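Below is one structure, written out as structure tokens; comments come after it.
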Amino acid sequence: MNAHGTAVLDLNADLGEGFGRWHLTDDEALLSVVTSANVACGFHAGDPSTMRRVCERAAERDVRIGAQVSYRDLAGFGRRAMDVPPDELADEITYQIGALRAFARAAGSDVAYVKPHGALYNRTVADAEQAAAVVAGVLRAGGALPVLGLPGSRLHEAAAGAGLPVVTEAFADRAYTAAGTLVPRRTPGAVVLDPDAVVARSVRMAREAAVTSLTGEEVTVRARSLCLHGDTPGAADLARRVRAALEAADVRLEAFA
């Protein structure tokens, strides 16, 4: 909520998650809905041509471009746990941001923020060493790039300690634990598949800063940005429904960067 009691929210989605001839996300449709685009940088998905196309389309629509950095895991879509030495991980974060920045600037825009993907996102919630490595990579890439992540995470702790802006995020289609973290994807019910439930959760998160955990507890979720996953069936239609419901609930949709 802002000082006038109006809810202000950014809508982000993971885009560019294809590789070569395979396309996973409906980038064109989602870019007409979201205010920020988490663009795959080639480590969990994405390739140079896909990165270029998404950056060009995002720039045309005034959608903010974010670097969605990941462990080097194309085969596992970046969702497999990996142990990467901190120095190496920091270098890989810098590399990914730099690659996307080249395409973003060529499109007349720039990388506006950074968000880890998949296993790296979840690892940096509680792992201070890996979180510090991500932040080191962001710093080396240059500029005080905001870091998008889970509230209360070690990633946000490390980013704030390094002077980087932090942006809190919530997930409309992911189940929460009673502690406010995401339920692991292998757990039954970890992904919310009912479109009506996703829409209702989105509005409640925006207006009440709350969500019901998988085990029934009420959890406070204060977020400036709401993630809509782009790799689920019907993602674009669902994103349109979420946006329409938020606007009907007097939620102002505005990028954070």
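This is a predicted model, so every value here is computed, not measured. Values reported hereafter were calculated over all heavy atoms of this structure, with side chains retained and with hydrogens, waters and symmetry mates removed.
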Asp10 and Arg64 ion-paired at < 4.0 Å: no
N/O donor-acceptor pair under 3.5 Å between Arg123 side chain and Gly118 backbone: no
Side-chain ion pair, Arg61 and Glu56, N-O less than 4.0 Å: no
Would you be so kind as to tabulate the donor-acceptor pairs closer than 3.5 Å made by side chains of residues 136-146, with sequence neighbours excluded?
| residue | atom | partner | partner atom | Å |
| --- | --- | --- | --- | --- |
| Arg140 | NH1 | Asp91 | OD1 | 2.9 |

Residue pair Ser49 / Asp47, side-chain donor-acceptor N/O under 3.5 Å: no
Thr35 (side chain) donor-acceptor with Leu11 (main chain) under 3.5 angstrom: yes
Hydrophobic cluster of Tyr113, others only, ordered by chain and residue number, side-chain cut-off 4.5 Å: Leu148, Val167, Phe256
His117 and Tyr71 aromatic centres sub-6.0 Å: no
Any donor-acceptor N or O pair under 3.5 Å, side chains His23, Glu17: no
Intermediate values then yes/no, salt bridge (Lys or Arg N to Asp or Glu O under 4.0 Å), Arg204 and Glu218: CA-CA 12 Å; Arg204 188 170 182 229; Glu218 291 301 298; 2.4 Å; yes
Salt-bridge criterion met for Asp127 and Arg154 (N-O under 4.0 Å): no
SB check Lys115 Glu169 (cutoff 4.0 Å): yes
Flag, side chain of Thr187 to backbone of Val183, donor-acceptor distance under 3.5 Å: no
Nearest-0.5 Å distance that lies between atom OG1 in Thr50 and atom CG in Asp27: 7.5 Å
Ion pair Asp194/Arg201, N-O distance below 4.0 Å: no
Remaining members of the apolar cluster that contains Leu193, side-chain heavy atoms under 4.5 Å: Val191
Neighbour count above 12 (heavy atom, 6.0 Å) for Asp196 CG: yes
Pair listing, ring pair (Phe, Tyr, Trp, His ring centres under 6.0 Å) test, anchored in residues 196-235, at least two apart: Phe171-His229
Full working for side chain to side chain contact (heavy atoms under 4.5 Å, CB included) between Asp110 and Ile65: CA-CA 7 Å; Asp110 205 344; Ile65 297 170; over 6 Å; no
N/O donor-acceptor pair under 3.5 Å between Glu217 side chain and Thr212 backbone: no
Side-chain (Arg224) to main-chain (Ala255) donor-acceptor, under 3.5 angstrom: yes
Gln68 and Tyr121: side chain donor to acceptor below 3.5 Å: no
Arg222 atom CZ: more than 12 heavy-atom contacts under 6.0 Å: no
Between CG on residue Leu228 and CZ on residue Arg240, distance to nearest 0.5 Å: 12.0 Å
Donor-acceptor pair, side chain of Ser202 and main chain of Ala172, under 3.5 angstrom: no
Cluster companions of Leu74 among Ile, Leu, Val, Met, Phe, Trp, Tyr (side-chain spacing under 4.5 Å): Phe19
Electrostatic pair Arg72-Glu88, nearest N-O below 4.0 angstrom: no
Any donor-acceptor N/O pair, Ser153 side chain to Gly149 backbone, under 3.5 Å: no
Check: Thr177 main-chain N/O paired with Thr181 side-chain donor or acceptor under 3.5 Å: no
Heavy-atom donor-acceptor pair, Gln130 side chain to Val84 backbone, under 3.5 Å: yes
Verdict with supporting geometry, Asp250 and Arg252, salt bridge (Lys or Arg N to Asp or Glu O under 4.0 Å): CA-CA 6 Å; Asp250 197 29; Arg252 190 170 83 240; over 6 Å; no
CG on Leu9 to CZ on Arg207, rounded to 0.5 Å: 11.0 Å
Chi angles and distances behind the side chain to side chain contact (heavy atoms under 4.5 Å, CB included) call for Val34, Val63: CA-CA 7 Å; Val34 300; Val63 172; 4.2 Å; yes
Fellow cluster residues of Phe43, listed by chain then number, with links counted only when side-chain atoms sit under 4.5 Å apart: Tyr95
Gap between atom CE of Met51 and atom CG of Leu15 - 0.5 Å precision: 13.0 Å
Atom pair CZ/CG of Arg174 and Leu214 - distance to nearest 0.5 Å: 10.5 Å
